Number of protein chains: 2
Amino acid sequence: MARTQGSHSDITRPKVAEAALRLFARHGYAAVSMRAIAAEVGVQVGTLYHYTPDKQALLYDLLSGHMAALMAAHDGLDQTGDAAARLERFVRFHIGYHLDRPEAVFIAYMELRNLTLANFTRIEALRRSYEDRLEAVLTAGAASGAFHVPDSRIATMAVIAMLTGVTTWYRPGGRLTGADVADLYWDMVCRAVTA
Amino acid sequence: MARTQGSHSDITRPKVAEAALRLFARHGYAAVSMRAIAAEVGVQVGTLYHYTPDKQALLYDLLSGHMAALMAAHDGLDQTGDAAARLERFVRFHIGYHLDRPEAVFIAYMELRNLTLANFTRIEALRRSYEDRLEAVLTAGAASGAFHVPDSRIATMAVIAMLTGVTTWYRPGGRLTGADVADLYWDMVCRAVTA
DNA sequence: GTCTATAAGCCGATAGAC
DNA sequence: GTCTATCGGCTTATAGAC
């Protein structure tokens, strides 16, 4: 049997996560009180504890959900073709995915230090495994002679930092579309690693 | 007349700034209490207000001091030679300066949202003027035909994000020295923008 | 499922003694 | 220059009514 459709729980639960995401991104985890989240949802503070054991779980669930969704989306990427084709797809995917979720990306980078050690370790493992997917493409290109990559780990970190950086300045409706930005970044990444 | 040497004020004042820098970098501005800063310095909380009007001023002074020192250090850079030579000096300077001050760099990027609007505006102006110095080099190289830079603003943001990213993973005593890292990054930046 | 009330404690900042 | 004591208010989380 399916659950009763449209129960208060089904409506309120996602609102809690959305409110926490929005407020954590805007003001930072430590600066946001459970009362502020409750007010954003439109309930009293006690109600929040029906949906989360504590404030830390709210943050961890947001970060872990974001990383899981990122990996799942990347799983759908076409992995055929040569290393350059795979790298171009990665660059366009990474920029597009990040530009579409500025708040989740922001807290995924900014709030790591507010995780408990156990939660931090889990999130770091997910992040590392995403980075490894890019490194694998760079290593394959270097092995085939298509790429010039003296140090694949440093090249990976450099490319990721460069691509993720778009979220710090990009604003929809500005001078460039997301596709324009992806074109410009792919041009730079391609030139930086091509043999 | 010079002030009395080694007064308590001369000793305590820098300790307050250092303690605030260390704790803000480690736990975040919002998560650090004035009591925690006082304990780190080794005084009681009331004493802190002899050195700062409030907690916000502690943060603003750290960020504004960091940006001013960065600009002053960059002012000392050799600006002779062609665009490629100037760009290489910028890359090596930026990486070296940032690797030497990981805590100041960290809070300069992470704590912007905890500034009051007035203070944020001032810091953003300083940051923009630093970015403009890199953009001027890229524009000069494009004008002389040495560089391929379709959009100088985006190239500026991409290079800065890539270079500053070293602070998220670099650890002294690791596999690579700061000079090794600078060599690898200069190789990538040079290839990304050279015509 | 949501509410109110409350526990126990920390917050930034100030006043005034020494 | 540093201390202690204190103000009013905010914090996370829980208990129990409805």
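Here the structure is a predicted model, which is why all the values come from computation and not from measurement. Within every chain, numbering begins at 1; the chains are lettered A, B, ... in the order of the sequence lines, protein sequences first and strands thereafter.
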- Can you check the Lys15(B) NZ to dT2(D) P distance for me, whole Å?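 In whole Å, dT2(D) P and Lys15(B) NZ are 9 Å from each other.
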- Starting at NE2 of His50(B) and ending at C1' of dG16(C), how long is that distance when rounded to a whole Å?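 Between C1' of dG16(C) and NE2 of His50(B): 15 Å.
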- Query: DNA chain D: His8(B) or Gly46(B), which has the more 5' nearest nucleotide?
  - Reply: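 Counting from the 5' end, the first nearest nucleotide belongs to His8(B).
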Under 4.0 Å: is that the gap between some side-chain N or O of [X] and OP1 or OP2 of [N]?
X: Tyr51(A); N: dG1(C); answer: no
X: Thr12(B); N: dT2(D); answer: yes
X: Thr47(B); N: dC3(D); answer: yes

- Task: Output yes when Lys15(A) and Asp10(A) qualify as a salt bridge under the 4.0 Å nitrogen-oxygen rule, no when they do not.
- Result: no
- Query: Just checking, any donor-acceptor pair under 3.5 angstrom between side chains of Arg133(B) and His74(B)?
  - Reply: yes
- With no hydrogens and no angle check, do the side chains of Ser129(A) and Asp132(A) hold a donor and an acceptor under 3.5 Å apart?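 Looking only at side-chain atoms, Asp132(A) and Ser129(A) do not form any donor-acceptor pair under 3.5 Å.
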- Task: List in chain and number order the residues that pass ring pair (Phe, Tyr, Trp, His ring centres under 6.0 Å) with Tyr185(A), two or more places apart in sequence or in another chain; answer none if no residue qualifies.
- Result: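 Ring pair (Phe, Tyr, Trp, His ring centres under 6.0 Å) check on Tyr185(A) returns nothing, list empty.
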- Any side-chain heavy atom of Leu184(B) within less than 4.5 Å of one from Leu176(B)? yes
Taking only N/O atoms, report every protein-nucleotides 6-13 of chain C pair under 3.5 Å with atom names and distance.
| residue | atom | partner | partner atom | Å |
| --- | --- | --- | --- | --- |
| dC11(C) | OP1 | Ser33(B) | OG | 3.1 |
| dG12(C) | OP1 | Met34(B) | N | 3.4 |
| dG12(C) | OP1 | Lys55(B) | NZ | 3.2 |
| dG12(C) | OP2 | Met34(B) | N | 2.8 |
| dG12(C) | N7 | Arg35(B) | NH1 | 3.0 |
| dG12(C) | O6 | Arg35(B) | NH2 | 3.2 |
| dA13(C) | OP2 | Tyr49(B) | OH | 3.1 |
| dA13(C) | OP2 | Lys55(B) | N | 3.1 |

- Item | Atom pair CG (Asp187(A)) and CD (Glu88(A)), whose distance is rounded to the nearest 0.5 Å | 10.5 Å
- Would a distance-only check, ignoring hydrogens and angles, find a side-chain to backbone donor-acceptor pair under 3.5 Å from His94(A) to Phe90(A)? no
- Between dT2(C), dG1(C), dT4(C), which nucleotide has the shortest distance from any of its atoms to the side chain of Gln44(A)? dT4(C)
- Stretch residues 17-25 of chain B: residues that reach within less than 4.0 Å of DNA chain C through a heavy atom: none
- Task: Mind telling me whether Phe93(B) and Tyr97(B) have parallel, tilted or perpendicular rings, with 30° and 60° as the class edges?
- Result: tilted
